[in-house]
Structures are given as structure tokens and as C-alpha cells.
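Any value given below was found using the heavy atoms of this structure, including those in side chains, with hydrogens, waters and symmetry copies removed.
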Amino acid sequence: MPELPEVEVVRQGLERHILQSKVVDVDVLNPRSIRRHIPGATDFAGRLRGRTLTAIRRRGKFLWLVLNDEDALLAHLGMSGQLLVQPGDAPDELHLRIRFRLADGRELRFVDQRTFGAMAISEGGAILPDELSHVAPDPFEAGYDAGAVVEDLRSRRTNVKRALLDQSLISGVGNIYADEALWEAKLHYARPTETLRRTEAHRVLDAVRGVMTAALAAGGTSFDALYVDVDGGSGYFARSLQAYGREGEPCTRCGTPIRRDRFMNRSSFTCPRCQPRPRRPHW
DNA sequence: GCTTGCGCCTGAATGC
DNA sequence: TGCATTCAGGCGCAAG
């Protein structure tokens with residue numbers, strides 16, 4: 001599942017492989033993958049033909065390829081999206097959605113089994129696409145202000161995990177790293193945000209940055225055949241996970257079996273001892 | 001204005 | 001065995 005570290009691995013891979021490449025043609029094999037590009041596939045391809053990829057940028061889980069220092073090709077990988085750089089004669093992937101033919105004969109390919117991902121052209125989006133105006137800075141950006149995030153977090157009327165997953169508060173965090181950060185900070189996912197002390201809020205935000213830094217160093221988290229890198233390689237952070245996916249296995253801090261709950265229609269993994277459920281408030 | 005819940009999507013895994 | 005159901009989950013939007 002691509003979260004910030006996996007998207008950053010992809011960004012770095014694109015930077016290594018296709019910076020200054022020229023797009024000569026584009027095939028949209030599934031229009032759903034450009035559903036955010038309202039003018040449609042013909043317009044999409046026309047705006048890319050002849051353009052050069054002059055920079056690869058990222059905020060949170062969003063990625064954009066700058067076109068001649070002006071417009072941008074915006075991408076979100078969703079659940080299962082991959083951006084692969086392949087020789088032109090490589091066989092099509094089963095879930096190939098968009099093909100970008102490059103001038104040197106190689107292809108940039110958007111492959112996405114579940115089609116939750118999407119691409120679009122952002123006019124004038126080189127620095128920061130307008131489409132991302134609602135996406136907060138991620139913890140690795142210069143504009144990230146931990147103190148401001150702490151105050152925003154504590155002003156919300158929700159629980160801490162939902163807040164961490166809210167891209168308008170802090171971007172780049174998905175289900176896996178939210179669970180890992182909460183385990184690290186010894187906080188339960190259902191903890192009401194308004195009851196967080198400043199030190200606790202800082203602790204969980206520091207944990208978010210720490211776990212994502214470690215994941216990036218490991219090349220990201222990969223499960224099964226959902227590859228991460230542009231050449232199809234997998235990251236190996238999955239073996240370092242402390243909570244996510246470890247139901248029934250002992251907590252590495254205290255030995256208590258990790259439990260799995262359904263929460264917000266997704267799985268949440270906690271150590272019941274290190275992360276006790278908050279006491280219900282008195283009504 | 002803010003918070004919450006749903007639908008989108010495919011394939012693997014599970015249940016009967 | 002085979003068909004049906006569940007699960008994975010980020011995002012945008014509608015409803016509350």
C-alpha cells in the first residue's frame with residue numbers, strides 16, 4: 001500500500017530514470033485512471049505529447065511530474081498503483097492503464113489493479129498543483145510546522161487515528177504507518193484528540209516521522225506482488241513492522257499478543273497492554 | 001463549518 | 001467442488 005515512504009521511493013526512481021525524458025505519445029487504456037482529468041483522454045494525451053519531464057515532486061502521497069517547468073502531470077497511486085519504467089518491447093502488464101511512450105524507446109507505465117489511483121494534467125501546477133490545496137504539508141517538507149499540527153490536532157473533535165489519516169491535518173500517513181506510530185507512541189487509536197496532552201501529540205507526530213524515515217531507508221513496505229519501485233523491486237520494511245499485520249504475535253515491548261480490531265472500516269492493530277483503550281467519558 | 005460514512009475497484013482468501 | 005461473501009483501504013463527496 002503506497003504511503004509516503006513508498007511514494008518517495010517511486011519519486012526517487014523516476015528521478016533516476018526518466019528526468020529530462022521527452023514524451024512522444026500516450027495511450028490511455030482505461031479512462032477511469034484519468035477520471036480526474038475532466039477534458040478526457042484525447043486532451044490528456046495532447047497535452048503531454050512533445051513535453052519534457054523536468055522535475056519529479058511529491059507532497060504526502062501525491063506525486064507530480066513537471067512538464068517543461070510549467071504544468072504538471074499529477075499522480076496518485078491509490079491502493080495498488082505502480083509507475084514502472086519499461087523497455088518498449090516488454091509485454092503489457094495485466095493491469096496496464098496508461099502508457100507513456102518516451103523518445104528513447106522506453107515507456108513509463110501506470111499499472112493499477114484496483115484503479116483507485118489516478119492521473120491528471122494540472123495546468124500551471126509545477127510548484128504545487130491547485131488540486132493539492134487541501135493537502136497539508138507532509139512531515140518532511142520545509143513548510144511542516146509540528147507545533148501548528150499539534151494545536152490543530154488538539155482542536156479537533158475526533159479520535160487520534162482518524163486525525164492522523166486526515167490529509168488536511170498532516171499528509172502522507174496511511175493505515176499502516178498510523179498503526180505503527182500509535183504503537184510507538186503508546187496511544188490507542190480511539191483516543192479523543194481533545195484529551196491529548198501536548199507532549200502526547202508531539203510524541204505521536206515524532207513517531208510518524210520516525211517510522212516513515214525508517215521505512216524509507218528500507219525501500220518502503222511491500223506486500224505480495226504489489227511492487228514499489230519503478231523497476232519492480234520490493235521494499236523490505238514489512239519485516240520491521242511492530243503492530244500492523246501482527247495479530248496474535250507478541251508485542252516486542254511487553255510480549256502481550258497484538259490484537260486486531262475493525263475500526264473505521266479498516267483493520268487496526270494495537271498492543272492491548274501498551275495501548276490501553278481510553279476510558280469512556282462519563283455522560 | 002466540521003465530522004462521519006459510503007462507494008469506488010479487483011483478486012485473494014475464506015465460508016458454506 | 002463451486003459459488004458467494006469478505007477483505008484489503010485512500011480518496012472525494014454527500015449526508016448529518
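- Distance, A/Ile170 CD1 to C/dG10 C1': 16 Å, rounded to whole Å.
- A donor-acceptor pair shorter than 3.5 Å can be found between the side chains of A/Thr195 and A/Arg191.
- A salt bridge does not link A/Arg203 with A/Glu184: none of the charged nitrogens is closer than 4.0 Å to a carboxylate oxygen.
- Without hydrogens or angle criteria, A/Arg11 side chain to A/Val7 main chain gives no donor-acceptor distance under 3.5 Å.
- Checking A/Phe263, A/Trp183, A/Tyr189 one by one against A/Thr270, the side chain to side chain contact (heavy atoms under 4.5 Å, CB included) holds for a single residue, A/Tyr189.
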Practice task
Quick one, give me the B/S/- string for nucleotides 11-16 of chain C, reading 5' to 3', where B means a protein heavy atom under 4.0 Å from the base and S means that only happens at the primed atoms, P, OP1 or OP2.
Solution key: SSS---
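- Nearest-nucleotide assignment on DNA chain B puts the 5′-proximal partner with A/Asn159, out of A/Asn159 and A/Asn30.
- A/Arg162 comes within contact range of at least one nucleobase, with a heavy-atom separation under 4.0 Å.
- In the 5' to 3' direction, nucleotides of DNA chain B lying under 4.0 Å from heavy atoms of chain A begin and end at B/dT3 to B/dG11.
- Ring planes of A/His76 and A/Phe62: perpendicular class, angle over 60° (limits at 30 and 60°).
- When all heavy atoms of A/Val173 and A/Met212 are compared, the pair lying nearest together is CG2-CE, 4.4 Å.
- Looking at A/Arg59 and A/Glu141, a side-chain N of the basic residue comes within less than 4.0 Å of a carboxylate O on the acidic one, giving a salt bridge.
- Nearest heavy atom pair, residue A/Arg16 against residue A/Asp229, reads NH2-OD2, 3.7 Å.
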